[in-house]
Amino acid sequence: VLCPVVCVDEFADKAAEGDDCPVLVPIENELNTQAAQIPVTIITGYLGAGKTTLLNYILTEQHNKRIAVILNEFGEGSALEKSLAVSQAGELYEEWLELRNGCLCCSVKDNGLKAIENLMEKKGKFDYILLETTGLADPGAVASMFWVDAELGSDIYLDGIVTVIDAKYAMQHLTEEKPEGQINEAARQIALADLAIINKTDLVGEEELCRLREVVRSTNGLVRIIETQKSRVDLSSVLDLHSFDSKAGASLQEKLLHIQTTQPHLDKSIVTVTFEVPGCISEERLNVFIQNLLWEKTIKNKTGLLMNVIRLKGILSIQNKPQKVILQSVHELYDLEETPQIWDSEEPRISRLVFIGKNLDKGILEELFITTVLNQTSNTFTFSNKDENCF
Ligand SMILES: Nc1nc2c(ncn2[C@@H]2O[C@H](COP(=O)(O)OP(=O)(O)OP(=O)(O)O)[C@@H](O)[C@H]2O)c(=O)[nH]1
Ligand SMILES: [Zn+2]
């Protein structure tokens, strides 16, 4: 694990010892700015899945970071004040948050960040923040609170969403019928995960485990799946994932190449849909496409049900941009960010998208994307990388 804060010191020590550390040298500036930013990993999962067990495991395994743990109660009830409990080195601190109108997305977003920043002012900086949500929480709402534009200059950035899944009871939770229009919480937590930890494998047989693995995969085609007992997992697969920033660029692109559109496993369940479109797209019209999909929410599938996109990722080829661009979205928030990777002159320029959500129809989404975002002056969808539309 490369922890920026620790590395700055370690790097100096190593350099003094004469150990070569070639990767770090050219990006020293970047490292310095990073040192100021603290990652937040959201740990979610249904009631009793093993979230606290995971937290405790991380805290006992990880000795060189000052880790703050936040227990999140935001999702519950509508009280106007919520406390934010932060434990650090065994001591528990409490900060109070004021919720202006009980709406999580509108009021906690600034307050939650502020509370953590206040706390750091009082108690000194942390290197890492772990946030455990309550079992029924929507991790998307919690994630939105930490997923702020780099330009806002926050000290904190969202590193990843980890969902702990109970090998024994997950199937039961996932098949629970919800009122029309409502999303099953357990399924939503899997849909949003960057890492899925199937825990308590000691309680099930291989056949049961295999079935669950398939359901998780069919729900979220992008997620990395790890199986554990007592949430014991290699920390490098949980921390410093960079799932929401352009550092994930190269690995995301690699990943997207292997994703396939999935079939719903459970009735009306969440699926992953993916497609690629060659050529270069207009950024302006891309925004129209995304906003129609995520904000207007008027796009229907073949049976007339509204599509509900929970998570969206993509690597895009945008007009007049030599760099590959990453698209990320959680619920209604989205972000386009240039990666350091330049389109190779030999490489075909292609946009690849992955949608995770409910009632998604690949054909309809793909057609809508093509008609909305491709340059209207062209009436063919096949471009070469030398195509004038790209520059
Ligand atoms: N058999 C078995 N039990 C486990 C395993 N991991 C955790 N447990 C137990 O499961 C129970 C719930 O674990 P927690 O870590 O508290 O789960 P949680 O997700 O934090 O629970 P809530 O915060 O209440 O939603 C505890 O009694 C754990 O000891 C496992 O791998 N196998
Ligand atoms: Zn817990």
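Position 1 is the first residue of the sequence; numbering continues from there. Both ligands and their constituent atoms are indexed starting at 1 by order of listing. Computed from a predicted model, the values in this text were never measured in an experiment.
Ranking protein heavy atoms by distance to atom 24 (O) of ligand 1, first place goes to Gly48 N, 3.9 Å. Protein heavy atom at the shortest distance from atom 17 (O) of ligand 1 is Gly50 N, 3.1 Å. Annotation: atom 18 (P) of ligand 1 to nearest protein heavy atom, Lys51 N, 3.4 Å.
Between Ala49 and ligand 1, an N or O atom pair is found at a separation short of 3.5 Å. Looking at Ser231 next to ligand 1, no N or O pair under 3.5 Å apart turns up. Annotation: Gln229 places no N or O atom under 3.5 Å from an N or O atom of ligand 1; distance criterion only. Of the polar atoms of Thr228, none of the N or O atoms is found under 3.5 Å from an N or O of ligand 1, judged by distance alone.
Residue Lys200 holds the heavy atom nearest to atom 4 (C) of ligand 1 of all those in Arg232, Lys200, Glu227.
For atom 30 (C) of ligand 1, a protein heavy-atom neighbour is present inside the 4.0 Å cut-off. Within a 4.0 Å radius of atom 27 (O) of ligand 1, the protein has no heavy atom.
Contact annotation for Thr53 and ligand 1: heavy atoms of both the backbone and the side chain come within less than 4.0 Å of the ligand. Within the 4.0 Å heavy-atom criterion, neither part of Val164 lies near ligand 1.
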(request) Tell me, with the steps shown, if Glu208 and Lys168 meet salt bridge (charged side-chain N to carboxylate O under 4.0 Å, His left out). (result) CA-CA 8 Å; Glu208 213 175 325; Lys168 179 126 180 100; 5.2 Å; no

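Of all the atoms in ligand 1, the ones that sit under 4.0 Å from a non-hydrogen atom of Lys230 are 4 (C), 5 (C), 6 (N), 8 (N), 29 (O), 30 (C), 31 (O). Heavy-atom contacts of Asp202 reach the following atoms of ligand 1: 1 (N), 2 (C), 30 (C), 31 (O), 32 (N) (cutoff under 4.0 Å). For ligand 1, the atoms lying closer than 4.0 Å to a non-hydrogen atom of Glu132 are 20 (O), 23 (O). Within the listing of ligand 1, atoms 1 (N) sit less than 4.0 angstrom from a heavy atom of Leu203.
Around the Zn ion (ligand 2), the protein atoms of type N, O or S found under 2.8 Å away are Thr52 OG1, Glu132 OE2, listed by chain and number.
Looking at Ser317, its side chain never comes within 3.5 Å of a backbone N or O of Ser351 through a donor-acceptor pair. A donor-acceptor pair under 3.5 Å links the side-chain atoms of Lys358 to the main chain of Gln182, judged by distance alone.
Exactly one of Ile310, Thr272, Leu293, Thr261 qualifies for a side-chain contact (heavy atoms from CB on, under 4.5 Å) with Phe355. That residue is Leu293.
Residues passing the side-chain hydrogen bond (donor to acceptor under 3.5 Å, both in side chains) test with Asn308: none are found, sequence neighbours excluded. With sequence neighbours left out, His173 forms a ring-ring contact (aromatic ring centres under 6.0 Å, His included) with Tyr46.
No side-chain donor from either of Ser231 and Thr53 sits under 3.5 Å from a side-chain acceptor of the other.
Here salt bridge (Lys or Arg N to Asp or Glu O under 4.0 Å) pairs that include residues 217-237, with residues two or more places apart or in two chains, are Arg213-Glu227.
Contact detail for Phe244 and Val330: the closest heavy-atom pair is CE2-CG2, 3.5 Å.
The closest approach between a heavy atom of Gly45 and any atom of ligand 1 is not below 4.0 Å.
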